[in-house]
Amino acid sequence: MSQLGSNRAQTLVKTLKIKSTVTTLDLQSSTIGDKEALVLAEALKTNSTMTTWDLQNNSIGDNGSRALLEALKNNSTLTILDLWGNLIGANGALALFVGLKTNSALTTLDLWGNSIGNNGARALSETLNLNSTLATLDLPQNRIGDDGALALSEELSEAFTTNSTLNVLNLRRNSSGDSGALALSGALKTNSTLANLNLGYNLIGDIGALVMAEALEMNSSLATLNLPGNSI
């Protein structure tokens, strides 16, 4: 595991500001915290060539997420942002999703293994109602618990009725249960863009499977439904 550090981060940012050929920045497992994220976010504000940022398996928390928010507001080139395995909580997720309301470039966001919680789910719903580019969203293992999982499903189900770009949604290991499946099934009946939905290991039983099956009869877009590790 390499350590970036704030000084090296500043040097990297200076280089990225003048280097016009770099399109992918891979800094996974580099012990990046909020301080380094704040510095790196400055590069996004002025760089016009980078399309992919891989920041997975670091220690970026809510403050770092807020810095990325400010950068995403005006960035028009970044299409993939991978924040898998960081320390982003509800407040950080809220900030990040606010930035996505006006961002017109990002197509893939990976928040696997963070802790967006109940409030993060609500913020996400509002974002999906306004965002017109996000196509892939990964939210497995966000430690939201049973109540939060249900809220997440309900909030997303509302957004699905108006969102026309989201194509892949991964909600693996979020303990949504039959109630969460019921909330999502209502949205699937009217949504016409989602093609891949992962609900693996979500404590879904026969009732949840039944309502999902009924939704599929009316849905015209879903091509892949993953349900491994449930109790069907």
Is [X] reaching over with its side chain to a backbone N or O of [Y], donor-acceptor style, under 3.5 angstrom?
X	Y	answer
Ser59	Thr31	no
Asp54	Gln56	yes
Asn219	Lys189	no
Asn230	Gly205	no
Thr79	Thr51	yes
Asn226	Gly200	no
Glu36	Gly33	yes
Ser221	Leu194	yes
Asn58	Asn86	no
Asn114	Ile116	no

Original post:
So which of Leu69, Leu111, Asn131, Leu128 actually passes side-chain contact (heavy atoms from CB on, under 4.5 Å) with Phe97?
Top reply: Leu111
Please check if [X] and [Y] belong to a single hydrophobic cluster, counting links between Ile, Leu, Val, Met, Phe, Trp and Tyr side chain heavy atoms closer than 4.5 Å.
X	Y	answer
Leu81	Leu87	no
Leu12	Val39	yes
Trp112	Leu166	no
Tyr201	Leu137	no
Leu222	Met218	no

Measuring from [X]:[atom1] to [Y]:[atom2], what's the distance to the nearest 0.5 Å?
X	Y	atom1	atom2	answer
Asp110	Leu83	CG	CG	8.0 Å
Leu169	Leu139	CG	CG	6.5 Å
Asn198	Thr224	CG	OG1	10.0 Å
Leu225	Leu188	CG	CG	8.0 Å
Asn103	Lys73	CG	NZ	11.5 Å
Asp206	Ile232	CG	CD1	7.5 Å

**OP:** Taking atom types as modelled, find out whether Asn47 and Thr49 have a side-chain donor-acceptor pair closer than 3.5 angstrom.
**Re:** yes
Subject >> Crowding at CD1, Ile207 (>12 non-hydrogen neighbours, <6.0 Å) >> reply: no
Subject >> Listed once per pair and sorted, the salt bridge (Lys or Arg N to Asp or Glu O under 4.0 Å) pairs that draw on residues 94-109, sequence neighbours left out >> reply: Lys101-Glu126
**OP:** Please assess Leu96 against Leu72 for the test side chain to side chain contact (heavy atoms under 4.5 Å, CB included), listing each intermediate value before the final yes or no.
**Re:** CA-CA 8 Å; Leu96 191 60; Leu72 285 173; 3.6 Å; yes
If I compare all heavy atoms of [X] with all of [Y], which pair ends up nearest, and what's the gap?
X	Y	value
Ser164	Thr193	O-CG2, 3.2 Å
Ala37	Gly64	CB-CA, 3.9 Å
Ala41	Ala67	CB-O, 3.5 Å
Leu100	Leu106	CD2-CD2, 3.5 Å
Leu68	Leu44	CD2-CD1, 4.4 Å
Ile88	Gly92	CG2-C, 3.8 Å

**OP:** Evaluate the criterion side chain to side chain contact (heavy atoms under 4.5 Å, CB included) for residue pair Asn57 and Ser29; output intermediate values, then yes/no.
**Re:** CA-CA 5 Å; Asn57 196 30; Ser29 302; 2.8 Å; yes
**OP:** Please identify each residue that fulfils side-chain contact (heavy atoms from CB on, under 4.5 Å) with Asn91, with sequence neighbours left out.
**Re:** Asp62, Arg66
**OP:** Walk me through it: do Trp84 and Gln28 pass the test side chain to side chain contact (heavy atoms under 4.5 Å, CB included)?
**Re:** CA-CA 9 Å; Trp84 177 93; Gln28 59 177 297; over 6 Å; no
Original post:
Are Met212 and Leu197 close enough that some pair of their side-chain heavy atoms sits under 4.5 Å apart?
Top reply: yes
Original post:
Are Thr133 and Thr165 close enough that some pair of their side-chain heavy atoms sits under 4.5 Å apart?
Top reply: no
**OP:** Mind running side chain to side chain contact (heavy atoms under 4.5 Å, CB included) on Ile60 and Ile32 for me, showing each step along the way?
**Re:** CA-CA 6 Å; Ile60 299 172; Ile32 295 172; 4.1 Å; yes
